[in-house]
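Since the structure comes first, as structure tokens, the remarks are kept for the end.
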Amino acid sequence: MPRIAVIDFETTGLSPALGDRATEIAIVLVEEGRVVDRYQSLMNAGVRISAFIEAYTGISNAMVAAAPPAAQVMAEASRFVGRTPMAAHNASFDRRFWAAELERLGLPAAQPFACTLLLSRRLYPQAASYKLGALAALHALPAAGRAHRALADAEVAAALLERIQSDLRQRFGAPQPRHELLMALQACPRHAVPRAIERHLAAQPGA
DNA sequence: TGCCAGGCCCTCTTTAGGGCCTT
């Protein structure tokens, strides 16, 4: 059964290339529109969290100091995901931290990432904002907890992904939109979405 | 020493610039 692993990181900043590290990770496994499993943990990477980030995420230096080592958490997360294709909101951000944290352990990070932000730009041109919270409000998605904590944001992103897949079924007749179709759609211009779906369905019946 | 993201997308574009989105 095709699964997608929806991930969200909280971090000390925007760029692992500039030394920023993950402070919390959450992964929600989605199968046929249902959440079937979850993984969440704070992690201690041994770096200080700024006052701005403490206020933004609610994750304090004391919380991270009491958390398990980043290496242990990321190894567990890697095993949890396995080869499952992944998704995230603004996936370029989470993909960079996924790759950077796993690279420190010598672990591969080859999973393809679908992006609910790119897909939402394609499918919901009427949206005033493509922030995760704004899209959740637009679609009346259920609240999942404090925004900017990893599990709450991963749950909302998973609900947004389910909404996207539902709309692909209803609007474009894609019976079971799989990860490959999501990747194809986010890589094409908005006006080319219907044609891309037609081509994908013709090549992969049941996609 | 001081500074520092990266990728997508739109437009007053393509020999570029700026806003959005993630923390």
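All values derive from a computational prediction rather than experimental measurement.
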**Q.** Gap in Å between the two C1' atoms, one belonging to B:dC12 and one to B:dG17, rounded
**A.** 10 Å
(Q) Measure CH2/A:Trp98 against C1'/B:dA5 and give the value in whole Å, please. (A) 21 Å
Q. How far, in whole Å, is B:dG19 from B:dT15 if one measures between their C1' atoms?
A. 22 Å
(Q) If we ignore hydrogens and angles and just use 3.5 Å, is the side chain of A:Gln186 paired with the main-chain N or O of A:Phe113 as donor and acceptor? (A) yes
Q. In the 5'-to-3' direction, what one-character label does each nucleotide of nucleotides 17-23 of chain B receive under the scheme B = base within less than 4.0 Å of a protein heavy atom, S = sugar-phosphate only, - = no such atom?
A. ---BBBB
Q. Within the side chain of A:Arg38, is there an N or O that forms a donor-acceptor pair under 3.5 Å with the backbone of A:Glu155?
A. no
Q: Write down the distance between CZ (A:Arg190) and P (B:dT11), rounded to a whole number of angstrom.
A: 10 Å
Q) Hey, is CZ on A:Arg190 packed in by over 12 heavy atoms from elsewhere, all under 6.0 Å? A) yes
**Q.** Integer-rounded Å distance: B:dG6 C1' and A:Asp20 CG
**A.** 13 Å
**Q.** Intermediate values then yes/no, salt bridge (Lys or Arg N to Asp or Glu O under 4.0 Å), A:Glu101 and A:Arg21
**A.** CA-CA 8 Å; A:Glu101 293 292 345; A:Arg21 298 293 304 274; 2.9 Å; yes
Q) Heavy atoms under 4.0 Å, any strand shown: does A:Arg21 hit a base, just sugar-phosphate, or nothing? A) nothing
Q: Using the C1' atom as the reference point in each nucleotide, state the distance between B:dG6 and B:dT23 in Å, no decimals.
A: 13 Å
Q: State whether the side chain of A:Arg163 and the backbone N or O of A:Ala159 hold a donor-acceptor pair below 3.5 Å, judged by distance alone.
A: no
(Q) Suppose you measure atom P in B:dC3 against the same atom in B:dC21; what distance do you get, rounded to whole Å? (A) 28 Å
Q) What distance, rounded to whole Å, do you find between the two C1' atoms, one in B:dC8 and one in B:dT13? A) 15 Å
**Q.** Integer angstrom distance from the C1' of B:dC9 to that of B:dT14
**A.** 14 Å
(Q) So, using salt bridge (Lys or Arg N to Asp or Glu O under 4.0 Å) as the criterion, who are the partners of A:Arg149 when residues are at least two apart? (A) A:Glu24
